[in-house]
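The first residue in the sequence is number 1, and the count goes up from there. Quick caveat, the model's predicted, so the values are computed rather than measured. Numbering of ligands and ligand atoms starts at 1, following listing order. Only this structure's heavy atoms are used, side chains among them; waters, hydrogens and symmetry mates stay out.
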Amino acid sequence: MEMLRRMILEKGRIIGDDILKTDSFLNHQIDPVLMDAIGQAFYHRFCDHGITKILTVEASGIAVAGATARLFGVPYIFAKKQNACNLDNEIYTSEIYSFTKKTTCTIRVAKEYLQSQDRVLVLDDFLANGQALLGLIEICKKAGATVLGCGIVIEKAFQGGAKKVEEKGIEVFSLVRIGRFENAKPVFL
Ligand code: G4P
């Protein structure tokens with residue numbers, strides 16, 4: 001993912017010790033050419049896995065999941081963070097704690113969209129401590145669905161999230177892995 005690395009170096013900004021701001025192309029304004037390339041990269045890695053659903057969490061994961069799901073030709077689901085009156089009691093939930101935001105939130109997926117025969121690819125834009133992925137995996141487990149792998153756009157490897165997921169026997173495929181920040185620049189692994 002040369003394009004992604006280049007955009008991170010040219011347009012990313014480092015905030016504090018461990019946050020990489022990518023609002024100009026990934027998290028707020030979205031670059032559609034980059035998004036297509038991200039979808040293709042995940043498709044090439046997982047196209048022979050018999051994926052039937054793609055699962056992510058709002059908000060930034062949605063664009064990534066959409067670009068990828070179009071290539072797989074399968075629906076994508078985003079777990080919701082807000083409780084809504086149209087999400088009835090037939091939902092799977094998981095509690096996720098964000099070390100970045102220091103808040104806990106409940107994520108929710110309607111039971112009718114995730115079933116035991118589903119073969120799921122879990123996607124997200126950032127992987128830090130792994131709490132979002134673990135929450136999504138827990139929801140799949142509650143549904144009896146099989147998680148075939150996780151795809152991440154930017155993994156901050158120094159925060160240990162991938163290890164927690166891999167300990168569950170689930171592959172984490174990251175398009176770029178950042179080992180550390182040095183002189184206000186990310187150092188790729
Ligand atoms: P974790 O899921 O890996 O444990 O990450 P953590 O809770 O620490 O992160 C919480 C939120 O912050 C997540 O977004 C995650 O994608 C995002 N995040 C973590 N590190 C970075 C970073 O360095 N840069 C950017 N841009 N985002 C980061 P979220 O709560 O799912 O919200 P949303 O941004 O998708 O709406």
Side-chain angles (χ1 to χ4, degrees), residues 1 4-31 34-35 38-39 42 54-69 76-84 92-109 120-141 147 149-168 170-189:
M1 284 299 290
L4 177 59
R5 278 202 199 93
R6 203 179 57 243
M7 282 200 189
I8 292 171
L9 290 173
E10 287 173 5
K11 301 179 176 180
R13 280 192 306 124
I14 292 163
I15 312 282
D17 291 335
D18 56 10
I19 296 293
L20 173 65
K21 204 100 170 110
T22 50
D23 275 6
S24 66
F25 58 97
L26 185 64
N27 297 119
H28 191 21
Q29 171 172 271
I30 293 176
D31 186 306
L34 175 69
M35 210 40 83
I38 287 170
F42 288 139
I54 289 176
L55 177 64
T56 190
V57 56
E58 64 179 351
S60 303
I62 297 174
V64 175
T68 309
Y76 61 105
I77 307 165
F78 64 91
K80 295 195 175 191
K81 290 177 178 167
Q82 305 292 328
N83 206 356
Y92 298 114
T93 61
S94 178
E95 300 288 316
I96 56 174
Y97 176 74
S98 167
F99 288 97
T100 305
K101 296 178 178 169
K102 309 235 177 326
T103 53
T104 300
C105 81
T106 304
I107 57 170
R108 308 163 173 85
V109 170
V120 182
L121 173 60
V122 176
L123 296 180
D124 210 354
D125 55 335
F126 268 88
L127 173 58
N129 296 284
Q131 300 308 300
L133 285 190
L134 292 172
L136 292 168
I137 291 166
E138 186 189 7
I139 282 181
C140 289
K141 193 171 175 207
V147 179
C150 295
I152 294 295
V153 180
I154 301 174
E155 175 188 339
K156 294 188 292 177
F158 54 89
Q159 289 179 300
K163 192 162 174 281
K164 291 179 204 158
V165 174
E166 286 162 355
E167 277 166 3
K168 295 186 171 291
I170 297 171
E171 179 194 352
V172 177
F173 173 68
S174 302
L175 302 185
V176 302
R177 300 179 71 229
I178 294 174
R180 63 183 188 282
F181 295 136
E182 203 173 88
N183 301 324
K185 286 281 170 211
V187 178
F188 298 116
L189 296 177

Can you confirm, on distance only, whether ligand 1 has an N/O atom lying under 3.5 Å from any N/O atom belonging to [X]?
X: Val57; result: no
X: Ala128; result: yes
X: Ile19; result: no
X: Leu133; result: no

Please report which non-hydrogen protein atom sits nearest to [atom], along with the residue it belongs to and the distance in Å to one decimal place.
atom: atom 2 (O) of ligand 1; answer: Ala132 N, 2.9 Å
atom: atom 24 (N) of ligand 1; answer: Leu20 O, 2.7 Å
atom: atom 10 (C) of ligand 1; answer: Ser98 OG, 3.2 Å
atom: atom 35 (O) of ligand 1; answer: Ser60 N, 3.0 Å
atom: atom 13 (C) of ligand 1; answer: Lys101 NZ, 4.8 Å

Is the number of heavy atoms from other residues, nucleotides or ligands within 6.0 Å of NZ (Lys163) greater than 12? no
Does Phe181 reach the side chain of Asn183, with side-chain heavy atoms less than 4.5 Å apart? no
I want to check something: taking the side chain as every heavy atom from C-beta on, are Val153 and Leu26 in contact at a cut-off of under 4.5 Å? yes
If you compare Phe78, Phe99, Tyr97, Phe126 by their heavy atoms, the one closest to atom 28 (C) of ligand 1 turns out to be Phe126
Among Lys156, Lys164, Lys81, Gln159, closest by heavy atom to atom 29 (P) of ligand 1 is Lys81
Close approach, Gly130 and ligand 1, non-hydrogen under 4.0 angstrom: yes
Taking the ring centre of each residue, are Tyr97 and Phe99 less than 6.0 Å apart? yes
Region of Thr100 engaging ligand 1 - heavy atom pairs below 4.0 Å: both
Where on Asp18 is there a heavy atom closer than 4.0 Å to ligand 1, on the side chain, on the backbone, on both, or on neither? backbone
Is atom 21 (C) of ligand 1 in close reach of the protein, with a heavy atom under 4.0 Å away? yes
